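Report on the following structure.
Nothing here was measured: the structure is a model prediction, and the numbers come from that model.
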Amino acid sequence: MGKTNRGAYILAAGAAVQLLTGIPAAWGVFQEPLMQGYALSRGQVMLGFAVLVAAYGAGCAAGGLLQDKHGPKFAGLWGSVLLGGGFLAASLVPAGNTPLFLLVFPLPAGLGSAFLAPAVLACAQKWYRDKKGLATGVTGAAMGFSGAFYTLFVQGVGQRFGIRVCLAALGAVMLVVCGAGAALLQDPPPAAAAPPQQGLTYKQMLHTVQYALCAAAVALSAPAVLLFSPEILRIAAERGVPESAAPLSIVLGSAFSAAGRLLCPAASDRLGRKPVLLGIYAGLAAGSLWFAFAQGQTVLFSYALLTFFYSGGAAVQPALNSDLFGLAHAGVNYGFIALGMSGGSLISYIGSQALPLTARHWLAGLCAVAGGICVICLRPVEKE
């Protein structure tokens with residue numbers, strides 16, 4: 001294929017990869033099978049979820065540095081090995097060995113997903129520099145469908161053959177699909193990227209107020225969903241959703257997540273990043289209030305609304321980062337912004353273990369309001 005026409009292939013490869021990296025959104029469907037198959041408590045599996053998200057946040061920084069130095073293909077291939085290898089290794093972990101489970105499954109899976117994300121997002125933005133929101137939206141929408149994909153896969157393969165066979169099969173699929181997608185990643189040639197890309201290095205970015213505000217906003221957006229997503233099936237059942245319909249909470253949330261990742265970045269291309277992000281944080285705050293009082297079928301839709309806004313914000317953020325700090329080092333800069341996800345994961349894990357459900361709803365709403373204040377305070381980076 002011609003290098004100047006490679007953009008469409010990059011988007012397609014990125015979408016295929018991202019379909020398999022949205023594991024946090026689907027963790028609820030893994031929760032019970034992991035508890036039963038590995039003799040783990042609910043708290044231990046929740047800790048695995050926290051490790052996964054924290055590893056993703058920290059790994060984005062490392063993956064960004066890797067792709068900045070060696071290119072998106074190199075970082076993506078390493079990410080594919082870590083992600084697929086983590087799932088394959090998890091299928092061999094003895095029951096009841098929590099430290100080994102945490103070491104070989106959520107840790108490398110989170111890191112692998114993180115190595116892939118900056119590689120895909122930065123590469124897509126560079127090919128579509130005038131439509132960065134669209135580029136992140138298309139690839140991000142595929143990540144949004146991860147929840148539906150994993151729900152169907154775990155319920156189909158996992159229920160029939162067991163969670164260990166399910167994890168091994170997923171690992172094999174990840175190695176093939178993510179590896180093939182990563183092999184296609186390549187930055188555009190200079191002629192296609194003219195004028196020359198400019199922007200702050202990550203060291204320069206880390207010294208700006210804008211970085212602190214962006215990282216804080218990312219962290220504060222997480223509790224609205226991460227406080228509840230690992231236990232959404234139980235919450236839905238306790239609030240009157242029939243047990244057979246409870247998995248719809250993940251599938252519906254996945255569909256709304258995909259819509260948010262596609263529509264919010266596209267809207268930000270037209271309306272501006274900041275106005276759209278302010279709407280997103282307002283939506284997270286209002287959605288948290290609705291979810292707190294939802295019963296029956298409204299639980300499904302209120303949770304899905306939260307996933308729409310949370311995922312939409314996650315998809316707009318890379319484009320905002322490029323607007324603020326430039327495209328030249330977009331991958332590594334996004335990686336350091338994503339450290340906020342580690343902070344959000346920590347807040348969510350502590351909150352889920354220490355607070356009753358009602359207090360968690362309050363925490364989610366307050367975090368969303370605080371995240372919106374961070375966005376309000378954002379100003380363009382002053383050029384020296």
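Under the 4.5 angstrom side-chain criterion for Ile, Leu, Val, Met, Phe, Trp and Tyr, Val176 has no cluster partners at all. Hydrophobic cluster of Leu152: no remaining members, since no ILVMFWY side chain lies below 4.5 Å from it.
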Can you give the donor-acceptor pairs under 3.5 Å from side chains of residues 85-103 to other protein atoms, not counting sequence neighbours?
{"from": "Ser91", "atom 1": "OG", "to": "Leu88", "atom 2": "O", "distance (Å)": "2.5"}
{"from": "Asn97", "atom 1": "OD1", "to": "Leu100", "atom 2": "N", "distance (Å)": "3.2"}
{"from": "Thr98", "atom 1": "OG1", "to": "Gln44", "atom 2": "NE2", "distance (Å)": "3.2"}

For a quick test of your reading: what N or O donor-acceptor pairs under 3.5 Å do the side chains of residues 14-23 make, sequence neighbours left out?
{"from": "Gln18", "atom 1": "OE1", "to": "Thr21", "atom 2": "OG1", "distance (Å)": "3.0"}
{"from": "Thr21", "atom 1": "OG1", "to": "Gln18", "atom 2": "O", "distance (Å)": "3.1"}

Just distance, no hydrogens or angles: give the donor-acceptor pairs under 3.5 Å from side chains in residues 347-357, sequence neighbours left out.
{"from": "Ser348", "atom 1": "OG", "to": "Gly344", "atom 2": "O", "distance (Å)": "2.8"}
{"from": "Ser352", "atom 1": "OG", "to": "Ser348", "atom 2": "O", "distance (Å)": "3.2"}
{"from": "Ser352", "atom 1": "OG", "to": "Tyr349", "atom 2": "O", "distance (Å)": "2.8"}

Name the atoms and distances for all side-chain donor-acceptor pairs under 3.5 Å in residues 45-57, with sequence neighbours left out.
none

For residues 72-81, tabulate all N or O donor-acceptor pairs below 3.5 Å that involve a side-chain atom, not counting sequence neighbours.
{"from": "Ser80", "atom 1": "OG", "to": "Gly76", "atom 2": "O", "distance (Å)": "2.9"}
{"from": "Ser80", "atom 1": "OG", "to": "Cys178", "atom 2": "O", "distance (Å)": "3.1"}
{"from": "Ser80", "atom 1": "OG", "to": "Gly179", "atom 2": "N", "distance (Å)": "3.3"}

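Taking Arg239 as the reference, His361 meet the side chain to side chain donor-acceptor pair (under 3.5 Å) condition, with sequence neighbours excluded. Not a single side chain to side chain donor-acceptor pair (under 3.5 Å) links Gln210 to another residue, sequence neighbours left out. A search for ring-ring contact (aromatic ring centres under 6.0 Å, His included) contacts involving Phe301 returns nothing, not counting sequence neighbours. Checked against side chain to side chain donor-acceptor pair (under 3.5 Å), Arg234 has the following partners two or more places apart in sequence or in another chain: Glu231, Glu238. Taking the side chain to side chain donor-acceptor pair (under 3.5 Å) definition, one finds that Ser229 meets it with nothing, sequence neighbours left out.
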